*Asks:* 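My structure is below; once you've seen it, I'll send some questions.
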Amino acid sequence: MQFSTKAVHAGVEPDPSTGAIMTPIFQTSTYVQAAPGDHKGYEYSRTHNPTRTALQNALAELENGKHGLCFASGMASIDAVVKLLKPGDEVVSTNDLYGGTYRLFTKIFEPFGVKFTFVDMEDPANVAAAITPKTKLVWVETPTNPTLRIVDIAAIAKLTAGKDILLAVDNTFASPYLQNPMDLGADIVMHSVTKFLGGHSDVVMGALIVNDDDLAERLAFIQNSCGGTPGPQDCFLVLRGLKTLHLRMERHSTNGRAIAEWLVKHPKVGKVYWPGLESHVNHDVAKRQMRDFGGMMSFTIKGDEQEDAIKFLSSCELFTLAESLGGVESLMGHPASMTHASIPREVRLKSGVTDSLIRLSVGVEDAQDLIADLEQALG
Ligand SMILES: *Cc1c(COP(=O)(O)O)cnc(C)c1O
């Protein structure tokens, strides 16, 4: 079945009790039992809820996986993955990592005795060199934030295959429309559902997708034991968002291309980072593992003055200055003073996060209107 058909139909069956086409919001904490243990598969909503089940099945199908698990946020889902490990285990992770993930790894789990190594995964040889007999998890994020670097998932999967090492991919920036890490050899796909999957900037949620039955059972045990599960209202909103995922991603991608190609030609623009550009350092890998290139990009203003970036950001009218990404509306951010402010200047400069770098989450508005807004702000 093609992706568009799956996006509309995955996970959702008409409700057997009423025929309702949309899965109802099962706003209940508990379920009646005819006799102790005699129930319809639902006992308590931390463990199972029918609205959540529909969403979990939908997400599994969209990622070509067997099992889906939803969490109260993207961070809660990553937390569950690390809880598969024991003190003394080691994790090899992308260095160009979402800030919240870096904080969770180093501030929460390092004190519990899990060791994290951060390497530049653009060269898989760096991953091979970092793997030790204690490595139990490789954590990949691609495309990365905010400079849209690409990690070759299949090449990393070759390094973990046949070993007692799980390969997890944070697929938030791509969404299952642009990239399916499971098909490339990943064991776990993680999403901040908050972003493209929800798609309307109105829900915070996370998800994991896996194939292996035993791994799914261990993660479901953690999900239920630790309790970071989402409520049925939010699950419903995401089920609704998923039905247009393919349409939104197509428009994010065509708008992304129009804006990236326009930025490259603008005399005031320095570097442009968008994986769909042939000039992008990992364009070949992106072309191989992604269906299209999306609407996430970043660029610098020539001269690289923070002052120019601030002036630009406050001059935009359609692009809104805000954290987050992946909604229908265009957003922008200034990593040096927002998401990456806690990273020392010399360190962030090395990874391309310079003073004038601006990140765009290009929405689904009209491309010419968006370009006109950028044009007047650059002026
Ligand atoms: C937002 C984000 C997260 C965290 O997800 P939350 O839903 O905010 O908890 C993790 N990884 C990436 C790449 C993100 O963009």
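This structure is a prediction, so every number in the text was calculated from the model and none was measured. We count ligands from 1, going down the list as the structure has it; atoms in each ligand are counted the same way.
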*Asks:* Give a table of atom pairs where an N or O of ligand 1 lies under 3.5 Å from a protein N or O.
*Replies:*
unit_1	atom_1	unit_2	atom_2	d
ligand 1	5 (O)	S192	OG	3.0
ligand 1	7 (O)	G74	N	2.9
ligand 1	7 (O)	S192	OG	2.8
ligand 1	7 (O)	T194	OG1	2.7
ligand 1	9 (O)	G74	N	3.0
ligand 1	9 (O)	M75	N	2.9
ligand 1	11 (N)	D170	OD2	2.7
ligand 1	15 (O)	K195	NZ	2.8

*Asks:* Can you confirm if the NZ or CZ of K195 lies within 45° of the ring axis of Y98 and under 6.0 Å from the centre of its six-membered ring?
*Replies:*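 Satisfied, under 6.0 Å and within 45°.
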*Asks:* Are R248 and F196 in a cation-pi setup, meaning NZ or CZ lies under 6.0 angstrom from the ring centre and within 45 degrees of the ring axis?
*Replies:*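 The answer is no; the distance or angle limit is not met.
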*Asks:* Please report the C-alpha distance between T47 and Y42 in whole Å, then the side-chain angles of each, then the deciding distance to 0.1 Å, and finally whether the side chain to side chain donor-acceptor pair (under 3.5 Å) criterion is met.
*Replies:* CA-CA 8 Å; T47 324; Y42 292 94; over 6 Å; no
*Asks:* Determine, using ring centers only, whether F3 and Y177 are less than 6.0 Å apart.
*Replies:*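 Between Y177 and F3, the centre distance is under 6.0 Å.
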*Asks:* Please set out all donor-acceptor pairs under 3.5 angstrom arising from side-chain atoms of residues 65-78, sequence neighbours excluded.
*Replies:*
unit_1	atom_1	unit_2	atom_2	d
K66	NZ	D213	OD1	2.8
K66	NZ	D213	OD2	3.2
H67	NE2	D213	OD1	2.8
S73	OG	M75	N	3.3
S73	OG	A76	N	3.1
S77	OG	G74	O	2.5

*Asks:* Please confirm whether H283 and F293 have ring centers closer than 6.0 angstrom.
*Replies:*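 H283 vs F293: aromatic centres under 6.0 Å.
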